[in-house]
Amino acid sequence: MTGLLLGPLLRYVDWDTGASATIWVESDRPATAEVRCADGAGGSARTFQIAGHHYALVPVTGLTPGSTTAYDVLLDGVQVWPLPDSDFPPSTISTPAAPGRERPGPGPGLKVTFGSCRQAAPPAGRRGPHGADALDTLAARLAADPGAERPDLLLLLGDQVYADQLSRETGQWLAARRDLREAPGAQVADYEEYTRLYYESWLDPEIRWLLSTVPSLQIFDDHDVCDDWNTSAAWLAGMRATPWWRERILSALMSYWVHQHLGNLSPAELAADALYAAVRETPDGTETLRAFAAAADADPATVRWSYRRDFGRTRLLMVDTRAARVLAEDGRAMLDPAEQQWVRDNALEGHGSYDHLLIGSSLPWLMPPLIHDAEVWNAALCRGERGPRWARIAEDLRRRADLEHWAAFPASFEALSDLIEQVGTGPRAPATVCVLSGDVHHAYVAEPRIPSTSRVYQLTCSPVHNSIHTAVKLGFRLGWSRTGRWLGRGLSRHGRTGRPPLSWRRTGGPWFGNQLMTLALAGRTARLRLDQAHKGRWPRRGGARLVTVMDRELTGV
């Protein structure tokens, strides 16, 4: 009998009609995957094969707008989900009401829960180094309380898996597979090892159920590939000189395309995707996908990982801030010209037709001022502002201190700032423009001082399940302080960089811990909540619960 190896993951839900969705699964052999809903909706798809693994993205049609319906998954006609003797509620698909009709529940709107940086939780009953997993804890709360507020969407903003920081269990699995004394050592090396990371993360019972019933959108960050991925031209040249890098980057892009990217796309986008068609039309799509990954690595402009989704009157732009970089020191950019134009075009298209613009960027736009100034200073030194000796010192510092956020690409920082000001200005401006980010292992709210009509925010939330060294915590606190601002001005003078093109202030945080932010949008109002996973004597996995540490209006006067 065909078995279900991974999934189901509820990915796309159509917010235009409320009538369709997609479900991602992996089976243990070629099969026809089918989804049957309690309301009669459903769909099926034949699996495609990559490196001996079998996947399907099942289009579900005929859903009732404004409803919640349970579903089953079948492989070759045999039910494989829900799992036998499952303690979790049925997996469901919730759809928005058709245009002009109210959604059920407390009121219309969109609830987006977001965060980044999740190392897989340890097996049940075993303690891990990072404390309670916020996503696990959210899943446990929703499973235990059917009346609990459920997000309409999960935004996973990077580091969904860690290719270079493995759990003890995965390290032991690798050691049984190959000699870890050979590079890359205790890091993933190929596609098969990447699949192990997804199994470890997505087979977690709570996470598996949560992802089966709450739609998710995802984008990579560095650890999905390698720490500091594409930090600089020198970094990339050094990696390409190693004997193991090529297989690593090709496997990373291939596994990301299969596990994360495909589910980000709408059925219409999938139908127009030549690569998806080619992979499905061949008995084994491995070489086809591998050739695509090789072309994407050689010339990032050949592929677009960024994407746009509209949820009623909320627009989301998920932006690739890793693969689309220009790394030449005399022309560094977070986004290549075509990518930057795509972001601009999609932010301005139909300006006035949406109430909220969300820009998903794994890396924060607005950082603590000292860190911002340090990154601008470092970029100036690396391009030779103070001579070759300082350039060498600065390159080493850039890698050691992870100086690679928007500020490290000054022209890109200014271009994004200008675009946000343009979008947020005038009588047709949205109520809010929010940049949603993770990466930095703490949470905060920052607001720029710009003459905009919209309320503009940097909303940063990480980690979902990870930790931060005490010294780094102190560094971030210093970065927001008056002393930090004074030190930053000194760096600016040394690097001859001048003042930033805008100023900003922290209006929330910093908060440290495993956490999730939820943005609730209704009409032209917005509310933000931060929940942290805290251990204690509660009937939850690992004895943890979510505790709200911040809840505030973003659109109030």
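This is a predicted model, so every value here is computed, not measured. Below, each value reflects all heavy atoms present in this structure, side chains not excepted, and no hydrogens, waters or symmetry copies. All residue numbers refer to positions in the sequence shown, counting from 1.
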Point to revise | Separation of Arg248 CZ from Trp244 CH2 (nearest 0.5 Å) | key: 4.5 Å
Review point. With a 4.0 Å cut-off, would you call Arg118 and Asp159 a salt bridge?
Key: no
Check your understanding: Does Leu217 offer a backbone N or O that forms a donor-acceptor pair with the side chain of Asn264 under 3.5 Å?
Key -> no
Practice item. With side chain to side chain donor-acceptor pair (under 3.5 Å) as the test, would you mind laying out the steps for Thr548 and Asp531 before giving the verdict? Key: CA-CA 4 Å; Thr548 299; Asp531 295 318; 2.6 Å; yes
Point to revise | Minimum side-chain heavy-atom gap Leu516-Leu138 below 4.5 Å | key: yes
Check your understanding: Distance only, no hydrogens: is a donor on one side chain within 3.5 Å (strictly under) of an acceptor on the other, for Asp439 and Ser462?
Key -> no
**Study point:** CA sep, side-chain torsions, deciding dist, call: Gln172, Thr170, side chain to side chain donor-acceptor pair (under 3.5 Å)
**Key:** CA-CA 5 Å; Gln172 292 171 344; Thr170 294; over 6 Å; no
Check your understanding: Does one side chain, of His53 or Asp28, offer a donor that lies under 3.5 Å from an acceptor on the other?
Key -> no
Check your understanding: Are the side chain of Asp320 and the backbone N or O of Ala324 linked by a donor-acceptor pair below 3.5 Å?
Key -> yes
Check your understanding: Between Arg304 and Glu339, is the closest basic N to carboxylate O distance under 4.0 Å?
Key -> yes
Review point. Does the pair Arg322/Asp221 count as a salt bridge with the N-to-O cut at 4.0 Å?
Key: yes
Review point. With distance as the sole test, does Asp164 use its side chain to make a donor-acceptor pair with the main-chain N or O of Asp227 at under 3.5 Å?
Key: yes
Exercise for review: Indicate yes or no: does Arg280 engage Asp273 in a salt bridge with an N to O separation below 4.0 Å.
Suggested key: no
Check your understanding: Does His405 reach the main-chain N or O of Pro364 with its side chain, forming a donor-acceptor pair under 3.5 Å?
Key -> no
Exercise for review: Decide, yes or no, whether a salt bridge links Glu206 with Arg208 under the criterion of side-chain N to carboxylate O below 4.0 Å.
Suggested key: no
Review point. Any donor and acceptor pair, going by atom type alone, linking the side chain of Ser20 with main-chain N or O of Thr61 inside 3.5 Å?
Key: no
Practice item. Ignoring hydrogens and angles, state whether a donor on the side chain of His54 or Glu26 is under 3.5 Å from an acceptor on the partner side chain. Key: no
Review point. Does a salt bridge link Glu404 with Arg325, judged by any charged N lying under 4.0 Å from a carboxylate O?
Key: yes
**Study point:** Check against side chain to side chain contact (heavy atoms under 4.5 Å, CB included), Leu459 and Leu519
**Key:** CA-CA 10 Å; Leu459 306 178; Leu519 190 58; 4.2 Å; yes
Review point. Are a donor atom and an acceptor atom from the side chains of Arg308 and Asn346 found within less than 3.5 Å of each other?
Key: yes
Check your understanding: Do the side-chain N and O atoms of Glu200 and Ser167 include a donor-acceptor pair separated by under 3.5 angstrom?
Key -> yes
**Study point:** Donor-acceptor pair, side chain of Gln532 and main chain of Val547, under 3.5 angstrom
**Key:** no
Check your understanding: Would the His261 and Trp305 ring centres measure less than 6.0 Å apart?
Key -> yes
Check your understanding: Is there a donor-acceptor contact under 3.5 Å linking the side chains of Thr92 and Thr68?
Key -> no
Review point. Under the side chain to side chain contact (heavy atoms under 4.5 Å, CB included) criterion, do Leu358 and Arg315 qualify, and how do the steps go?
Key: CA-CA 6 Å; Leu358 311 181; Arg315 176 165 298 173; over 6 Å; no
Point to revise | Validation row, ring centre His259 to ring centre Tyr194 under 6.0 Å | key: no
Exercise for review: Output yes when a side-chain donor or acceptor of Thr113 lies under 3.5 Å from a complementary backbone atom of Leu154, and no otherwise.
Suggested key: no
Check your understanding: Can you say whether the rings of Trp24 and Trp202 are parallel (under 30°), tilted (30 to 60°) or perpendicular (over 60°)?
Key -> perpendicular
Practice item. Evaluate the criterion side chain to side chain contact (heavy atoms under 4.5 Å, CB included) for residue pair Phe220 and Val225; output intermediate values, then yes/no. Key: CA-CA 8 Å; Phe220 47 46; Val225 178; 5.6 Å; no
Practice item. Drop me the distance from Leu197's CG to Trp173's CH2, to the nearest 0.5 angstrom. Key: 8.5 Å
Review point. So do Ile23 and Leu9 actually touch side chain to side chain, heavy atoms under 4.5 Å?
Key: no
Check your understanding: Quick check, are the ring centers of Trp81 and Tyr71 under 6.0 angstrom apart?
Key -> no
Exercise for review: Taking the six-membered ring for Trp and the full ring for Phe, Tyr or His, determine whether the centres of Tyr354 and His356 are under 6.0 Å apart.
Suggested key: no
Review point. Distance-only, no hydrogens or angles: does the Gln515 side chain make a donor-acceptor pair with backbone N or O of Gly513 under 3.5 Å?
Key: yes
Review point. Hey, are Arg529 and Glu149 close enough for a salt bridge, meaning a charged N less than 4.0 Å from a carboxylate O?
Key: yes
Exercise for review: Identify the residue among Pro215, Ser266, Pro96 that makes a side-chain contact (heavy atoms from CB on, under 4.5 Å) with Trp15.
Suggested key: Pro96
Exercise for review: Determine which pairs satisfy ring pair (Phe, Tyr, Trp, His ring centres under 6.0 Å) with at least one residue from residues 128-165, sequence neighbours left out, and list them in order.
Suggested key: His130-His465, Tyr162-His223
Check your understanding: When rounded to the nearest 0.5 angstrom, what distance separates CD in Glu247 from CD in Glu193?
Key -> 9.5 Å
Check your understanding: Checking side chain to side chain donor-acceptor pair (under 3.5 Å) against Thr321, which of Ser306, Ser362, Ser437 comes through?
Key -> Ser362
Check your understanding: Distance only, no hydrogens: is a donor on one side chain within 3.5 Å (strictly under) of an acceptor on the other, for Gln160 and Gln218?
Key -> no
**Study point:** Test item: Trp511 side-chain N/O and Tyr444 main-chain N/O as donor-acceptor pair under 3.5 Å
**Key:** no
Point to revise | Candidate pair Thr69 and Thr64, rule side chain to side chain contact (heavy atoms under 4.5 Å, CB included), full reasoning | key: CA-CA 8 Å; Thr69 182; Thr64 302; over 6 Å; no
Exercise for review: Any chance you could measure Leu521, atom CG, to Thr432, atom OG1, to the nearest 0.5 Å?
Suggested key: 6.0 Å
Review point. Between the side chain of Ser255 and the main-chain N/O of Ala252, is any donor-acceptor distance below 3.5 Å?
Key: yes
